[in-house]
There are 2 protein chains.
Amino acid sequence: MYDELKYWYLRDHKLFKTLSSEQTKQLCIISGFKKAKKGEIIYFSDSDLPRIFLLKTGSIKIVSLDEDGIETIKDIIQKGDMFGELSLDSDIQVNEYAKVLTEEVSICSFLLSDFEDLMLQNPQLALGYTKFVGLKMKRLRNNYTNLVSKDAKTRLVTFLKEWAEKEGIFDNEKVIIENYLTQNDIAQIICTSRQTATTLLNGFVDDGIIQYNRKEIIIPNLGKL
Amino acid sequence: MYDELKYWYLRDHKLFKTLSSEQTKQLCIISGFKKAKKGEIIYFSDSDLPRIFLLKTGSIKIVSLDEDGIETIKDIIQKGDMFGELSLDSDIQVNEYAKVLTEEVSICSFLLSDFEDLMLQNPQLALGYTKFVGLKMKRLRNNYTNLVSKDAKTRLVTFLKEWAEKEGIFDNEKVIIENYLTQNDIAQIICTSRQTATTLLNGFVDDGIIQYNRKEIIIPNLGKL
DNA sequence: TGCTAATTGTCAGCTACCTTACATTTGTAT
DNA sequence: ATACAAATGTAAGGTAGCTGACAATTAGCA
């Protein structure tokens, strides 16, 4: 029964659509599965073997700790996304871990080596995965460009728009976003200080462009942002 | 004879090592090949079909033009590197092109669709390619972190070190780099203004940490940088 | 060989943003 | 309910580095 569940967890991910149920099951048998609650930390280095993770529901942030013990957000992973050793190399970042942002997340994982084997057997999967990694790089590069050429305000607007597009609940021009990020998180994502992010957000509220509280962000008119 | 040449150009790239000569030839037949001189511009949109390029010798910069006509360096591509639609999607960036930096470059290219076909036939290639893209992403992410947390001076040092490692000619602790970049290029790479880059470089020269001219950069002691 | 364009050098203001520092509010455990 | 920690709000002061402006040098070319 448990295997069955895991099977389904993979099954409806677009990347695994091309696999026969036999192959998916093969991946499932060796895959781990877990749920975690808000604030919990998932260490990549828990298993000494490199893994690929698939976030089934919820959101997490990938955080790295630098020499001075300062947390930096590396990535926000959302429902349906994969994370872990995406570059398929096995050197695990010791000072990197994932932190759960939403109330609950469910994650399944499989060993990098098993995933590789499966890709070798199924070129379509390999191609799909390559495109997925490529897309991720494109997005990263985009962020990079924004960081260089746009100021903090523009970066915040861009971020809010993207967030709305990805996770917002639309009602005509109005969008509601479930706000599971602190202002500090947002600040880190757009690469600015917490204070600047706070000031900017409050500025938007004053201008009536957004409504903001700890639970949700409402954008009355996405076009106006 | 010409086909033969192109065959060899691919052959000794590590990514294509796993291919049978038959397969390499297959890719070769459909691939283009060209040489270009310093300052020349290579437009990706030249062929309406998306392509992957392989830089055999020399260096180029990938530049994008924004709305205001401002050039931004997206990437520096060196000998042996690939560039083009690496994310394997076909939407060509119209306002993106490559500019030759070294005296001469030789480039070969093949159609994205052909490359995909070949990957489907040879999963090992797909896997290798994914690792390659992953590595590229890792480097980008590294730059990103530097940009956020380090100041311009540190970024310049990091860049010089990397450049030396990658292309420098070593003589014990001393390294000589062939300098095909203008200070403006360097400034863009480390995301600062031309003036700041100039001042910093001259500062290093004054401190005796480097010797700088338009032809080459000499680092007497790489460890001291 | 001289002419022109590109590259490099230097400086003075300006500003977006960081830092430090503290007050206030909100969530949560006891 | 109370206490404590986390998250948010606000302000003053400092600064890295950008912008613009202009001179000096070097490279490419007719």
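Side chains included, hydrogens not; waters and symmetry mates left out as well; all remaining heavy atoms used. Proteins come first, then strands; the chains are lettered A, B, ... in the order of their sequence lines, and each starts at number 1.
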Next item on the list: Not counting sequence neighbours, which residues clear salt bridge (charged side-chain N to carboxylate O under 4.0 Å, His left out) with A/Arg155? List them please.
Entry: none
Notebook entry, point to check: Taking all atoms of both residues into account, what is the closest heavy-atom pair of B/Ile218 and B/Lys174, and its distance?
Noted result: CG2-CE, 3.8 Å
Next item on the list: Check A/Ile190 against A/Ala152 and note the closest heavy-atom contact, atom names and distance.
Entry: CD1-O, 4.1 Å
[X] [atom1] to [N] [atom2]: how many Å, rounded?
X        : N      : atom1 : atom2 : answer
B/Asp151 : D/dG17 : CG    : C1'   : 10 Å
B/Lys153 : D/dA16 : NZ    : C1'   : 13 Å
A/Leu200 : D/dT8  : CG    : P     : 15 Å

Check: What string of B, S and - do you get for nucleotides 24-30 of chain D, 5' to 3', if B is base contact, S is sugar-phosphate-only contact and - is no contact with any protein heavy atom under 4.0 Å?
Finding: --SS---
Next item on the list: Summarise how protein sits on nucleotides 18-23 of chain D as a single string, 5' to 3': B when a protein heavy atom is under 4.0 Å from the base, S for sugar-phosphate-only contact, - for no contact.
Entry: SBBB--
Next item on the list: With side chain to side chain contact (heavy atoms under 4.5 Å, CB included) as the test, would you mind laying out the steps for A/Ile60 and A/Asp75 before giving the verdict?
Entry: CA-CA 9 Å; A/Ile60 58 169; A/Asp75 213 346; over 6 Å; no
Check: Between B/Phe44 and B/Phe53, does the ring centroid distance fall short of 6.0 Å?
Finding: yes
Margin query: With side chain to side chain contact (heavy atoms under 4.5 Å, CB included) as the criterion, how do B/Leu65 and B/Tyr97 come out once you've worked through the C-alpha distance, each side chain's angles and the decisive distance to 0.1 Å?
Written below: CA-CA 9 Å; B/Leu65 234 55; B/Tyr97 53 86; 3.6 Å; yes
Taking the side chain as everything from C-beta on, heavy atoms only, tell me whether [X] gets closer than 4.5 Å to [Y].
X        : Y        : result
A/Leu156 : A/Ile186 : yes
B/Met82  : B/Tyr129 : yes
B/Arg141 : A/Lys74  : yes
A/Phe204 : A/Lys153 : yes

Checklist line | Residue pairs fulfilling salt bridge (charged side-chain N to carboxylate O under 4.0 Å, His left out) with at least one residue in residues 177-187 of chain B, sequence neighbours excluded | finding: B/Lys61-B/Asp185
Item checked: Contact boundaries on DNA chain C for chain A, cut-off under 4.0 Å to non-hydrogen atoms -> C/dC17 to C/dT26
Note to self: Run A/Glu167 and A/Ser59 through side chain to side chain contact (heavy atoms under 4.5 Å, CB included) and show every step you take.
What the structure shows: CA-CA 10 Å; A/Glu167 292 194 275; A/Ser59 300; 3.7 Å; yes
Notebook entry, point to check: Between residues 140-149 of chain A and DNA chain D, which residues have a heavy-atom gap below 4.0 Å?
Noted result: none
Next item on the list: Start with the C-alpha distance between B/Leu55 and B/Phe83, add both sets of side-chain angles, then the distance that settles side chain to side chain contact (heavy atoms under 4.5 Å, CB included), and finish with yes or no.
Entry: CA-CA 8 Å; B/Leu55 185 62; B/Phe83 61 103; 4.1 Å; yes
Item checked: Under-4.0 Å side-chain N/O to phosphate OP1/OP2 contact, A/Asn202 with D/dT10 -> yes
